[in-house]
Each structure stands twice: as C-alpha cells, then as structure tokens.
Amino acid sequence: YQQVEHAVLNQEVVLSALGAATPLKRDHNLIIGIQNIVAGMTRQNVRRIIYQSFLGVKEYRKELGLMVNVIMPVILKNVIVDHEAKEDIIMKSPLDWTIVRCAILTNGPLTSEYRSGEHVKPSPMIPLISRADVADFMLMQVAEDTYWYKKPRIMY
C-alpha cells in the first residue's frame, strides 16, 4: 500500500481501470488493489476517484436485456463478483466517487460518439465500447460533477 500512497501523493483525482486479465477466475489481488487505492487516497486526502466498472454488475442489470441480464452473468460471473466487491469498497469510502459502468471493451478507436447516463440501455444485442472512448468519458469526469456519487453507464 505504501507504493500506492506515494503514487497518489499531491494528486487531485485518481482514475482506476483496475481489472482482471481473464474473466475465467476471480482475482482477489484486484480487490486488495482497490482497498490500497482507497486507503492511500484517504491517508493523503485525495478526495476524487473515478473507477471503471462493468455494465453487468447486478444493480439495475434487469434493465439491460437478455444478453446483459442472463447470458453475461453466467459467462462473466467472476468479473462481475469482483467489480461488485470493488464498487462496494469505493461507495463505503469517504471519497468523492464516480463509478463508470462500461459495456464490453474493444480496442476500437476514439469516436467520442457514445451514449452515457445512469439508465442508458443497450441498442445492439451485445453492448460494446472502445477503451479509448471509456478513457475519454472518464477524463471528462475530472472536470465535471454531473456524476458525483453516481454510476453512469457508457456504451454505443
């Protein structure tokens, strides 16, 4: 945790895209990583965190159709459980948080043409978003307060 605390020293905002290398197994180190980030930020009085999560977490999943509500929880069960645990740590922290719930990530280009909002629903069967567009959205949150203490979704 000392390396994390040193990394956040004198920062105003932390953006975290801490995620699993594979969706097939749980990685408790990711949960420890978020615990360390939150603890380091708290000790260094860095108040703002923007965390990249996943569209398939249980909260409000029923709004998202068959693919996200039924199929993804089976295939991506481990990813979902880990993201739910990390979201819980962040929401219970004293930090000013935004949790960005992303569709399935692609390596596509930056388009800046995506949909976002707390209850945005997927239009295609498989909701997608490029990592570049997620980064774009997360960086915009640094200067905006629209989604403080909220969990916007982002997808095409």
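This chain uses plain numbering: 1 for the first residue, then up along the sequence.
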K.L.:
Would you call R115 and S123 a side-chain contact if the rule is heavy atoms closer than 4.5 Å?
P.N.:
yes
K.L.:
When you measure from the side chain of D82 to the backbone N and O of H28, does any donor-acceptor pair fall under 3.5 Å?
P.N.:
no
K.L.:
Considering all heavy atoms of both residues, which atom of K150 and which atom of E118 are nearest to each other, and what is their separation?
P.N.:
CD-OE2, 3.4 Å
K.L.:
Any donor-acceptor pair under 3.5 Å linking the side chain of E84 with the backbone of K58?
P.N.:
yes
K.L.:
Should we count CD1 of I71 as having more than 12 external heavy atoms under 6.0 Å?
P.N.:
yes
K.L.:
Assess whether side-chain contact (heavy atoms from CB on, under 4.5 Å) is satisfied between L64 and N69, documenting all intermediate values.
P.N.:
CA-CA 6 Å; L64 299 171; N69 190 38; 5.6 Å; no
K.L.:
To the nearest 0.5 Å, what is the distance between OH (Y149) and CG (D96)?
P.N.:
3.0 Å
K.L.:
Would you compute the distance between atom CD1 of I90 and atom NE2 of H83 and round it to the nearest 0.5 angstrom?
P.N.:
10.0 Å
K.L.:
What residue among K86, E87, K151 forms side-chain hydrogen bond (donor to acceptor under 3.5 Å, both in side chains) with S53?
P.N.:
E87
K.L.:
Verify side-chain contact (heavy atoms from CB on, under 4.5 Å) between I80 and N78, making sure each step is shown before the conclusion.
P.N.:
CA-CA 5 Å; I80 291 169; N78 294 314; over 6 Å; no
K.L.:
Answer yes or no: is there a side-chain heavy-atom contact under 4.5 Å between L9 and E5?
P.N.:
no
K.L.:
For the hydrophobic clusters of this structure (ILVMFWY residues joined by side-chain heavy atoms under 4.5 Å, transitively), does one cluster hold both V57 and L66?
P.N.:
no
K.L.:
What are the two closest heavy atoms between L55 and A103, and how far apart are they?
P.N.:
CD2-CA, 3.9 Å
K.L.:
According to side chain to side chain donor-acceptor pair (under 3.5 Å), who are the partners of T42, at least two apart in sequence or on a separate chain?
P.N.:
none
K.L.:
In terms of hydrophobic clustering (I, L, V, M, F, W, Y; side-chain heavy atoms under 4.5 Å; direct or indirect links), are M91 and V13 co-clustered?
P.N.:
no
K.L.:
Determine the minimum heavy-atom distance between P109 and A132, stating which atoms define it.
P.N.:
C-CB, 4.0 Å
K.L.:
What I'd like to find out is whether the side chain of R48 reaches to under 4.5 Å of the side chain of L95, using heavy atoms alone.
P.N.:
no
K.L.:
Just say parallel, tilted or perpendicular for the rings of F137 and Y147, cut-offs at 30° and 60°.
P.N.:
tilted
K.L.:
Verify the neighbour count for atom CD of E144: are there more than 12 heavy atoms of other residues, nucleotides or ligands below 6.0 Å?
P.N.:
yes
K.L.:
Hey, does the side chain of R131 reach the backbone of T106 with a donor-acceptor pair shorter than 3.5 angstrom?
P.N.:
yes
K.L.:
At what distance, to the nearest 0.5 angstrom, does CD1 of I89 lie from CG of N36?
P.N.:
9.5 Å
K.L.:
When clusters are formed by joining ILVMFWY residues with side-chain heavy atoms under 4.5 Å apart, either directly or through shared neighbours, do L110 and L105 land in the same one?
P.N.:
no
K.L.:
Determine yes or no for a side-chain-to-main-chain donor-acceptor pair under 3.5 angstrom, with D133 supplying the side chain and T111 the backbone.
P.N.:
yes
K.L.:
Consider side-chain contact (heavy atoms from CB on, under 4.5 Å). Of S116, C102, P122, which one does M155 pass it with?
P.N.:
P122
K.L.:
Can you find a side-chain donor-acceptor pair between Y156 and S130 that sits under 3.5 Å?
P.N.:
yes
K.L.:
May I ask whether I99 and M140 are part of the same hydrophobic cluster, defined by side-chain heavy atoms of I, L, V, M, F, W, Y residues being less than 4.5 angstrom apart, directly or through others?
P.N.:
no
K.L.:
Using every non-hydrogen atom in the two residues, find where I50 and M138 come nearest and quote the distance to one decimal.
P.N.:
O-CE, 3.5 Å
K.L.:
Counting distance only, does the side-chain N/O of R61 pair as donor-acceptor with the main-chain N or O of P73 below 3.5 Å?
P.N.:
no
K.L.:
For residues V79 and I32: do they belong to one hydrophobic cluster (side chain heavy atoms under 4.5 Å, members Ile, Leu, Val, Met, Phe, Trp, Tyr)?
P.N.:
no
K.L.:
Under a 4.5 Å cut-off applied to non-hydrogen side-chain atoms, are P152 and Q141 in contact?
P.N.:
no
K.L.:
Give me the atom names and distance for the closest heavy-atom approach of I104 to I126.
P.N.:
CD1-CG2, 3.7 Å
K.L.:
List the residues meeting side chain to side chain contact (heavy atoms under 4.5 Å, CB included) with Y60, not counting sequence neighbours, and say none if there are none.
P.N.:
E63, R101, H119, R153
K.L.:
Can you name the side chain to side chain contact (heavy atoms under 4.5 Å, CB included) partners of S16, sequence neighbours left out?
P.N.:
L18, I34, I37, Y51
K.L.:
Measure across D136 and S112 and return the closest heavy-atom pair with its distance rounded to 0.1 Å.
P.N.:
OD2-OG, 3.5 Å
